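First the proteins, then the strands, lettered A, B, ... as listed; each starts at 1. None of these values were measured; they are calculated from a predicted model.
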Amino acid sequence: MSKSKFENPPAAAESETREPESTLGTKRGRKRKRKGNGQADAEVIEENAKKGTGKSIKFDEPTQHVEAPIEKPEEPTPKLKTIPGPKPQVEPKSQPQQTPHESAKGPKKDKPDHGQRPNEKQRKKNLESRGPPPSRNSHVPPHLVKKRDELLQTRQTLPIWPHADPIRERLRKNNILVLTGETGSGKSTQVPQFLISEPWCTKTIAITQPRRVAAISLARRVAEEMGSYFGNQSPAAKVGYSVRFDNATGPSTKVKFLTEGMLLQEVLRDPDMNQYSAVVVDEVHERSVNVDLILGFLRNLVAEIEKGSSRRKQPLKVVIMSATADVEGLVNFFAEGFAKNSGQPALPEADKFISKCFVEGRQYPVKTHYLPQPSMDWVESALKIIFQIHYKEPLPGDILVFLTGQDKIEGLEKLVNDYAEGMDKEMPKLLALPLFAALPQQAQQRIFQPTPRHTRKVILATNIAETSVTVPGVQFVIDCGKSKIKQFRSRLGLESLLAKSVSKSAAIQRKGRAGREAPGQCYRLYTEADYKTLEERTTPEILRCDLVQAILTMKARGVNDVLNFPFLDKPPVESLKEALFQLLRLGALKADGTISDMGLQMAKLPVTPKLGRILLEAARPEKDCLLDVIDIISALSTEDSIFFNVVTEEKKEAAEEARRDLYRREGDHLTFLATVQQYADEETDRRAWCDRHFVSHRAMQNVMNIRKQLRQQCQSLKLLTPADLSKESSSSSPNTDAILTSLLRGFVSNTARLAPDGSYKTFVGNHTVSVHPSSVLHGRKVKSEAIVFSEFLYTNKAYAKKVSAVQMNWVEDVMKEAFGI
DNA sequence: CTTTTGGAA
């Protein structure tokens, strides 16, 4: 293999065909590549398990009895990972057996690959030099060894395989490696295995993932490839994972996949990351807030170790893995850390400290089509193109349509079905399948069922199909070029959710979805000129979100000077300051800006700072309503909505009737409390209870997991004693005043008063806000003098979501306390 | 009169 290629990403080699994208770290960075199909299957399995559709999942019954005092809680949650799925076999991220020679390279290229991959001879040579994996573990059962040896062949065909030795060499020389690996390169599974027997690798290797399902399925795959036990199957297991609700690591764990949030949580206890010899940060191009924080912490830590000012004396190896070819931003980012050390204003030769590596991926070519004219109505344009494809192109070949949201999806679904009815009976049929996160799990699963004979699937999806779900069998992508984006306006304390044009990198990502299994085509519902005007990158989340949580995370980990934290993209100073004030108002910071005891407690709770503050408030003796508030916070923390969203008028009335005993006149929060408590009290058949009440079983299972975790966490923070839990009886009526005033303490700025014209105006900023139609308070004839709400969201207008009625004097009291007026 | 998508001892 050529050394020069290794050190230099082949930027020059791809000039014309390369779609511009080279500003990660300096400008914007965002997702582009995705997982292999096999992994997607695993994701489906895990997803299925997570959402709890599988009948085999058993949840712990509610704790009416005394719960054993928790020293070391043993597996608080069901073992999702071992649930047998329809296809338990996890495939590698790419399917090399299907791409013998004609695959094109990378989603951004339409032309075939010319000799980037090493030839067979080189590959053989690499194998010889490396030899078969050592089989010193004779106690490992034969079936694991057999599986490992079978998988070895597949591993050797991965594009990353020949890079093994260079990667090892680079990391011996330098502590930091920036690795670009395109879709299907195999980096996530192979890199940890390349490093595990290095001389410096005396401890564990951590690999972070943005999503839980990915962490679990990758860990399972790597265990198989290594011929090792997995997770906590055996104390000898060398591969494990750690995600929320599920820690499967043991004393022998050498390779540990974990979510980004989990690593951050570990940093809280162990800022020097002493348990690790290496940290591999995967999927950096997705630029989640957590990944940005991790990169900042790592840069600080590595620089301190280098300087000798850290308590840690052993080196920490860091591998940054991204799907985008833009290494320079990341290299410069880390080089700055070293430059600061040496007191130099400019970077010394960055290459002396930081290595680079580029690994090609595996993708089939995808042909792009644009509209000749801009379209006013892209739902209609999509409809036309669906049928155009259907008439013109032979089966098989499913169509994936990217739309903005549920309403558009349902609209187009109906249109497709209507027009399909009028088709010639001889024609292949069309099967329209919606796909969005709020869709019940069962309906989501339909995209994985085999296509019926003589039928073409049309999957109508949100951007869930961009990263989270890999839809199989897609040969045609239709991309409307828009997606809904959440943006936080820190000045107004308001979030907006609006459809905006996607970035070029997102458009490329969507297009790539057509080239996973065979050459494909992508129809963009806009003109080529429009494409050229798109932003290069999706704005990183850290520039779009409320920074309160990120800053508390930093403060709790010893970063006091937040304004000088090494951000890959630095948010505006005003937003940072606004978040600092917010934390001060919540009592998480002292006046000098350092973290308070309360702030530390909040940082240890797995909820947003506002919700954490509410829990602490409820624990105060004056309020003494923590258990009830935990129930409410659990319901607020789940991503799925508890109450099914009913469409038709009759169903709406039926739901209203069925939920009558849950609804509370005080508002949504106490309605949640009643729902959680009744669900928890239901001991015979919770699923049936949910069906009767038009409540989402999946959401409630999630709520119960969070509730359990919060109860445990509150115990270890000494907010709850085992005695509290034992004397609990949900028959006693809740102290609603205490609950609502506790909520107010966290949601100080989420309050509004009734104006003479019948509208609500926020206390802070005097903005008009409407009660969201999903609230039980929506459309009330008698309005309360003031409201508190959990979310403040602008869509068609500014809405208050999850709303409770409160007394004016309560609001005034809490404002005095928070603002010190 | 309504809901992009991930994530947390």
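- By the side-chain contact (heavy atoms from CB on, under 4.5 Å) test, Ala461(A) is found to be paired with Leu400(A), Leu435(A), Ile459(A), Ala465(A), residues two or more places apart in sequence or in another chain being considered.
- Checked against dG6(B), dT4(B), dA8(B), the side chain of Lys484(A) finds its nearest nucleotide in dT4(B).
- With respect to Glu413(A) and Lys408(A), no salt bridge is recorded, no charged nitrogen being found less than 4.0 Å from a carboxylate O.
- In this structure, the CD atom of Glu283(A) is 12 Å from the P atom of dG7(B), given to the nearest Å.
- Toward the 5' end of DNA chain B, the nearer of the two residues Pro606(A) and Gln406(A), judged by each one's closest nucleotide, is Gln406(A).
- Here the nucleotide nearest the side chain of His772(A), chosen from dT4(B), dT2(B), dG6(B), is dT2(B).
- Ranked by how close their nearest DNA chain B nucleotide is to the 5' end, Val607(A) and Phe436(A) are led by Phe436(A).
- For Ser483(A), no side-chain nitrogen or oxygen approaches OP1 or OP2 of dT4(B) to under 4.0 Å.
- In this structure, Ile464(A) places its CD1 atom 5 Å from P of dG6(B), rounding to the nearest Å.
- Rounded to whole Å, atom C1' of dT4(B) lies 13 Å from atom CD of Glu791(A).
- Regarding contacts with the backbone of dG7(B), every side-chain N or O of Thr259(A) stays at 4.0 angstrom or more from both OP1 and OP2.
- At least one donor-acceptor pair closer than 3.5 Å links the side chain of Asp668(A) to the backbone N or O of Val803(A).
- When the C1' atom of dT4(B) is taken as reference, atom CG of Leu435(A) falls 12 Å away, rounded to whole Å.
- Per the geometry, CD belonging to Glu410(A) stands 14 Å off P belonging to dT2(B), to the nearest Å.
- For Glu639(A) against dG7(B), no side-chain N or O and base N or O form a donor-acceptor pair under 3.5 Å.
- No engagement by Glu260(A) is indicated, since no non-hydrogen atom pair under 4.0 Å with the nucleic acid exists.
- Summarising the geometry, the separation between CG on Leu552(A) and P on dA8(B) is reported as 17 Å, rounded to the nearest angstrom.
- In the interface, the side chain of Gln709(A) is not paired with the base of dA8(B) through any donor and acceptor atom under 3.5 Å apart.
- Minimum atom distance to the side chain of Gln549(A) is reached by dG7(B), of the listed dC1(B), dG7(B), dT5(B).
- The side chain of Val243(A) has dA8(B) as its nearest neighbour among dG7(B), dT5(B), dA8(B).
- Heavy-atom distances under 4.0 Å link DNA chain B to Thr795(A), Asn796(A), Tyr799(A) of residues 793-803 of chain A, given in residue order.
- Here the C1' atom of nucleotide dG6(B) and the CD atom of Gln444(A) are 14 Å apart, to the nearest Å.
- Inspection of the Arg244(A) and Gln265(A) side chains reveals no N or O donor paired with an N or O acceptor under 3.5 Å.
- One can place CD of Glu495(A) at 16 Å from C1' of dT2(B), the figure rounded to the nearest angstrom.
- The pair Arg287(A)-Asp569(A) counts as a salt bridge, with a side-chain nitrogen and a carboxylate oxygen less than 4.0 angstrom apart.
- Here the nucleotide nearest the side chain of Arg212(A), chosen from dT5(B), dT4(B), dG7(B), is dG7(B).
- Between Lys256(A) and Glu266(A) a salt bridge is recorded (basic side-chain N to carboxylate O distance below 4.0 Å).
- Judged as a ring-ring contact (aromatic ring centres under 6.0 Å, His included), and not counting sequence neighbours, the contacts of Phe565(A) are Phe297(A), Phe567(A).
- Partner of Phe402(A) under the side-chain contact (heavy atoms from CB on, under 4.5 Å) criterion, chosen from Val502(A), Asp479(A), Ile478(A): Asp479(A).
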